[in-house]
Asks: 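Structure in structure tokens, see below.
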Amino acid sequence: MKRQRIFVAGEHGQVARALARCYAARGNTFACAGRSTLDIADRAAVARAVAEFRPDLVVNTAAYTDVDRAEDESDLAFRVNCNGAGNLAAAARTAKAPIIHVSTDYVFDGTKQQAYVEADATNPLGAYGRSKLAGEQAVAAEAPAHVILRTSWVYSPDGSNFVLTMLRLARERDEIAVVDDQWGAPTSAADLAGTIATIGDVVLAASDRPRLYGIYHAAGTGETSRCCFARAVMTGSAAQGGPACRIRAITMDEYPTRAKRPANSRLDCSKLANIFGLKLPHWAASLDICIARLRAQGAI
Ligand SMILES: NC(=O)c1ccc[n+]([C@@H]2O[C@H](COP(=O)([O-])OP(=O)(O)OC[C@H]3O[C@@H](n4cnc5c(N)ncnc54)[C@H](OP(=O)(O)O)[C@@H]3O)[C@@H](O)[C@H]2O)c1
């Protein structure tokens with residue numbers, strides 16, 4: 001197969017960094033464009049950057065991800081998450097390259113009792129989810145050659161995420177109150193990056209690409225509540241000699257946030273398994289790997 005050229009939007013984000021590590025290890029030719037060099041909301045700049053790179057594949061990991069702040073900055077959230085995603089898709093189409101675009105469980109309202117499948121009705125609860133849903137629609141409208149991956153509860157050893165927040169608070173407090181009525185699947189950025197890389201390989205090698213295009217759910221295997229996730233972080237950290245404290249279960253009503261979160265974020269990932277033969281590792285196993293990495297780096 002011809003050596004792939006991959007254009008990644010996003011540079012310092014959790015998934016972008018994991019993807020860069022993954023592509024570097026595989027010896028791919030790739031470029032990561034972060035906010036300092038490319039504002040994805042600038043259509044002309046995106047068109048120029050993608051055309052100059054001549055990619056075989058475009059991956060969009062860049063997004064406005066501050067869920068609470070998006071309530072007050074919804075214009076900016078839409079500019080990045082909808083217009084930016086659409087700009088990248090249009091540039092990918094012009095370059096005759098498929099696009100893999102990362103989306104979110106927050107397109108759903110969380111009222112379903114079972115895990116969500118791709119065909120379920122969307123109904124975002126907040127501005128972030130609405131902007132990401134609009135982004136999915138913009139990508140699909142601009143580029144028929146797209147794979148949209150909805151993921152959930154992303155964490156990594158770097159960046160800003162729930163695992164690192166829990167470990168920081170564990171150093172400062174004896175107890176942390178965490179909601180026990182929000183269910184989902186933690187997803188390791190490294191696992192998602194590996195999934196994106198394999199999907200790219202499969203799509204680029206396929207003779208019947210259109211069969212592969214569409215929306216997929218791609219989250220860690222298994223499910224847990226935020227509270228149980230926090231307890232697993234503490235257990236894993238304590239086992240490695242890192243910080244740990246008590247976790248007290250509370251309800252979402254007791255912890256009001258600017259943006260409402262879905263109570264049920266569980267994503268049914270069987271379409272990804274059926275079409276691409278891919279299943280992400282169990283969230284608990286990947287959490288252990290993340291904590292071991294933090295320990296090895298001296299970060300805990
Ligand atoms: N974090 C989660 O729990 C979660 C859950 C579900 C879905 N997702 C989705 O997963 C994807 C990756 O998330 P993540 O956790 O890696 O996010 P992240 O760590 O917040 O990184 C997002 C990156 O997007 C880049 N960015 C923001 N605005 C930009 C703009 N105007 N132009 C260019 N780049 C811009 C940022 O700049 P730099 O690259 O320069 O730093 C940022 O680092 C996003 O689509 C997100 O919606 C995340």
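Whatever order the structure lists them in is the order used to number ligands and atoms, beginning at 1. The figures that follow rest on heavy atoms only: side chains count, while hydrogens, waters and symmetry mates do not.
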Asks: Is any NZ, NE, NH1 or NH2 atom of the basic residue among Asp181 and Arg261 found under 4.0 Å from an Asp or Glu carboxylate oxygen of the other?
Replies: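 Here Asp181 does not pair with Arg261 in a salt bridge, since their nearest N and O are not under 4.0 Å apart.
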Asks: Between Ala9 and ligand 1, find which residue part has any heavy-atom pair under 4.0 Å and reply side chain, backbone, both or neither.
Replies: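 Neither part.
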Asks: Can a donor-acceptor pair be found between the side chains of Tyr216 and Asn274 at a distance below 3.5 Å?
Replies: no
Asks: Using a 4.0 Å heavy-atom threshold (strictly under), name the region of Thr65 that reaches ligand 1: side chain, backbone, both or neither.
Replies: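 Within the 4.0 Å criterion, Thr65 contacts ligand 1 through side-chain atoms alone.
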Asks: One thing to verify: whether Arg266 and Glu223 come together as a salt bridge, which I'm taking to mean a side-chain N less than 4.0 angstrom from a carboxylate O.
Replies: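 Answer for the salt bridge query: yes.
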Asks: Salt-bridged, Asp268 to Lys112, with N to O below 4.0 Å?
Replies: no
Asks: Ring-plane angle category for Tyr116 and Phe108, please: parallel below 30°, perpendicular beyond 60°, tilted otherwise.
Replies: parallel
Asks: Side chain, backbone, both or neither: which applies to Tyr106 and ligand 1 if a contact is any heavy-atom pair less than 4.0 Å apart?
Replies: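 Looking at Tyr106 and ligand 1, no heavy atom falls under 4.0 Å.
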Asks: Parallel, tilted or perpendicular, judged at 30° and 60°: which one describes the rings of Tyr128 and Tyr106?
Replies: perpendicular
Asks: Nearest heavy atom to atom 6 (C) of ligand 1 wins, so pick from Val46, Val80, Thr151.
Replies: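 Minimum heavy-atom distance to atom 6 (C) of ligand 1 goes to Thr151.
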Asks: Would you kindly specify which portion of Arg79 sits under 4.0 Å from ligand 1, judged on non-hydrogen atoms: side chain, backbone, both or neither?
Replies: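 None of Arg79 does.
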Asks: Among Leu38, Leu76, Val8, Val107, which one has a heavy atom closest to atom 33 (C) of ligand 1?
Replies: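 The option holding the nearest heavy atom is Leu38.
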Asks: Does at least one non-hydrogen atom of Tyr128 fall below 4.0 angstrom from an atom of ligand 1?
Replies: yes
Asks: Below 4.0 angstrom, N of the basic side chain to O of the carboxylate: do Glu136 and Arg150 qualify?
Replies: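 A salt bridge is present here (some side-chain N lies under 4.0 Å from a carboxylate O).
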Asks: Do any heavy atoms of Gly10 fall under 4.0 Å from ligand 1?
Replies: yes
Asks: If you have a sec, work out which protein heavy atom is nearest atom 19 (O) of ligand 1 and how many Å separate them, to one decimal?
Replies: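 Nearest neighbour among protein heavy atoms for atom 19 (O) of ligand 1, to 0.1 Å: Gln14 N, 3.0 Å.
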Asks: For atom 24 (O) of ligand 1, which candidate among Ala63, Ala45, Gly13 holds the nearest heavy atom?
Replies: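 Nearest option to atom 24 (O) of ligand 1, by heavy atoms: Ala63.
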Asks: Does Cys32 reach ligand 1, in the sense of a heavy atom lying below 4.0 Å from it?
Replies: no
